[in-house]
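Before any comments, here is the structure.
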Amino acid sequence: MNLIISTISQGFIWAIMAIGLFITFRILDFPDMTVEGSFPLGAVTAVMLIQHGYSAEIALLIAFIFGNLAGFATAFMYTKLHIPSLLAGILTMTALYSVNLRILGKANMSLTKPNNIFNQYGLNKLPVNFNGIILGIIIIAIITFLLIIFLNTEKGQAVIATGDNEIMAASLGINTTVMKFIGIMVSNGIVALTGGLIAQQNGFADVNMGIGSIVIGLSAIIIGEVLYPDVPLSIRIITIVIGSIVYRLILMIVLQLGFNTNDLKLISAIILALCLALPTIREQFFRAFRNGVKSK
């Protein structure tokens, strides 16, 4: 039971990153590889600040700001320098590896200071791993509330329109460049915030902890969409949380079956590939079934 609770706790925390990725991947239709650099950026920033005596809240806020700056770099290269989206993200991700090493001073660092957000506000009095669930629910609720409010404003609708059809959005007088900056920056800010949370939850930061993070986020998004297709935008954010938890439970089951932990990245990639292929497989199955019925 403790293992299941721990898995659900991780699912809630990682769902925050998936919501950030959802902004670029689904709303803006922008494949952003910056995530694999901005995630550890938030982690190393939070750990370093806490180690220097700053509060966990300030550490997370600055991690969010640094994530926004990482998104700004990618958006600038994409919109102003006309570098292809994937390459712009890869360039920022690569540069952030050195930045993260500069901030941390070494490849990894343990968190020895007690002012961890998971141990504050009475969360340390909860049963084991319940602090992650409660904190995750609170942060997800706040981000979802703010995101839905923003997307229902004129600016938010402009961001959605830019992702749906950039040419049409520009013809309506929308500054699509600004909309891309907003979306990419906020997305990476949320991702970096998650990195700071994961680092505090795990008790350490590592410059390599972002490897495969985009696969984890996409898996949560795709699993949620497969389980609950054709739902309103506000509900889709909730499905991301469900998808994140389901993804973590699948990993837990796989590990319980005796697979090596070194194969986690491979397993994650396979899960994502299957989820992406599932709509096509389902469509082909029903088509073959209908053709079989007609032939009879």
Side-chain angles (χ1 to χ4, degrees), residues 1-27 31 35-36 39 118 127-145 147-148 187 190-191 193-195 197-198 201-202 209-283 285-286:
M1 181 57 71
N2 284 337
L3 182 60
I4 294 175
I5 298 298
S6 174
T7 301
I8 294 173
S9 173
Q10 291 179 36
F12 273 108
I13 300 299
W14 282 96
I16 300 169
M17 187 202 72
I19 293 171
L21 187 59
F22 175 78
I23 297 172
T24 49
F25 183 68
R26 281 300 189 225
I27 296 178
V35 168
E36 300 219 350
F39 180 82
F118 290 89
V128 179
N129 295 314
F130 273 87
N131 54 358
I133 295 175
I134 300 301
L135 187 63
I137 290 173
I138 292 171
I139 295 175
I140 289 169
I142 293 171
I143 291 176
T144 301
F145 177 72
L147 187 59
I148 291 173
S187 171
I190 295 173
V191 170
L193 172 69
T194 310
L197 286 168
I198 294 292
Q201 187 180 43
N202 294 342
M209 65 191 299
I211 297 175
S213 57
I214 192 169
V215 173
I216 297 172
L218 288 177
S219 296
I221 294 170
I222 301 301
I223 290 173
E225 290 176 347
V226 169
L227 293 175
Y228 302 95
D230 303 323
V231 294
L233 182 61
S234 57
I235 304 299
R236 287 182 73 181
I237 297 176
I238 298 174
T239 68
I240 292 172
V241 180
I242 297 172
S244 178
I245 294 172
V246 170
Y247 168 77
R248 284 285 156 185
L249 289 172
I250 292 172
L251 286 184
M252 182 198 73
I253 293 169
V254 168
L255 290 176
Q256 289 299 302
L257 291 175
F259 284 82
N260 195 311
T261 54
N262 292 330
D263 297 330
L264 273 180
K265 302 297 183 186
L266 173 62
I267 295 167
S268 298
I270 292 173
I271 292 172
L272 178 57
L274 289 174
C275 291
L276 287 169
L278 189 58
T280 303
I281 295 171
R282 185 165 49 192
E283 181 182 347
F285 173 79
F286 282 116

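Owing to the predicted nature of the structure, the values given are computational and were not obtained by experimental measurement. For reference, positions follow the sequence shown, starting with 1.
- Just one residue in the list Leu21, Ile19, Val226 forms a side chain to side chain contact (heavy atoms under 4.5 Å, CB included) with Ile221, and that residue is Leu21.
- Separating the CD1 atom in Ile140 from the CD1 atom in Ile237 is a distance of 10.5 Å, to the nearest 0.5 Å.
- Residues satisfying the ring-ring contact (aromatic ring centres under 6.0 Å, His included) criterion with Tyr247, sequence neighbours excluded, are absent altogether.
- Looking at Phe118 and Ile13, their side chains come closer than 4.5 Å, going by heavy atoms from C-beta outward.
- By the side-chain hydrogen bond (donor to acceptor under 3.5 Å, both in side chains) test, Ser9 is found to be paired with Gln201, residues two or more places apart in sequence or in another chain being considered.
- Here the CD1 atom belonging to Ile142 is positioned 9.5 Å from the CD1 atom belonging to Ile16, to the nearest 0.5 angstrom.
- The shortest side-chain heavy-atom distance between Ile143 and Leu193 falls under the 4.5 Å cut-off.
- In terms of the side-chain contact (heavy atoms from CB on, under 4.5 Å) criterion, residue partners of Tyr228 (sequence neighbours excluded) are, by chain and number, Val231, Thr239, Ile242.
- Judged as a side-chain contact (heavy atoms from CB on, under 4.5 Å), and not counting sequence neighbours, the contacts of Leu274 are Ile270.
- Proximity of a side-chain donor or acceptor of Thr194 to a complementary backbone N or O of Trp14 within less than 3.5 Å is not detected.
- Ile139 CD1 to Thr144 OG1: the interatomic distance, rounded to the nearest 0.5 Å, is 11.5 Å.
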Verdict with supporting geometry, Ile214 and Phe39, side chain to side chain contact (heavy atoms under 4.5 Å, CB included): CA-CA 9 Å; Ile214 192 169; Phe39 180 82; over 6 Å; no
From CA spacing to verdict: side chain to side chain contact (heavy atoms under 4.5 Å, CB included), Leu147, Ile190: CA-CA 11 Å; Leu147 187 59; Ile190 295 173; 5.9 Å; no
Intermediate values then yes/no, side chain to side chain contact (heavy atoms under 4.5 Å, CB included), Ile198 and Met17: CA-CA 10 Å; Ile198 294 292; Met17 187 202 72; over 6 Å; no
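- Taken to the nearest 0.5 Å, the CZ atom of Phe12 stands 11.5 Å off from the CD1 atom of Ile138.
- Taking CD1 of Ile216 as the start and CD1 of Ile271 as the end, the distance is 10.0 Å to the nearest 0.5 Å.
- Scored by the side-chain contact (heavy atoms from CB on, under 4.5 Å) test, Val215 finds Ser219, Ser268, Leu272 as partners (sequence neighbours excluded).
- Sorted by first then second residue, the salt bridge (Lys or Arg N to Asp or Glu O under 4.0 Å) pairs that include residues 230-256, not counting sequence neighbours, are Glu225-Arg236.
- Here Pro232 pairs with Ser234, Ile235 under the side-chain contact (heavy atoms from CB on, under 4.5 Å) rule; sequence neighbours left out.
- Under the rule for a side-chain hydrogen bond (donor to acceptor under 3.5 Å, both in side chains), Thr7 has no partner lying at least two apart in sequence or in another chain.
- Here the closest non-hydrogen pair linking Gly11 and Ser244 is O-OG, 2.6 Å.
- Here the CG-CG distance, from Leu135 to Leu197, works out to 6.0 Å after rounding to the nearest 0.5 Å.
- Nearest heavy-atom pair across Ile240 and Ala18 is CG2-CB, 3.4 Å.
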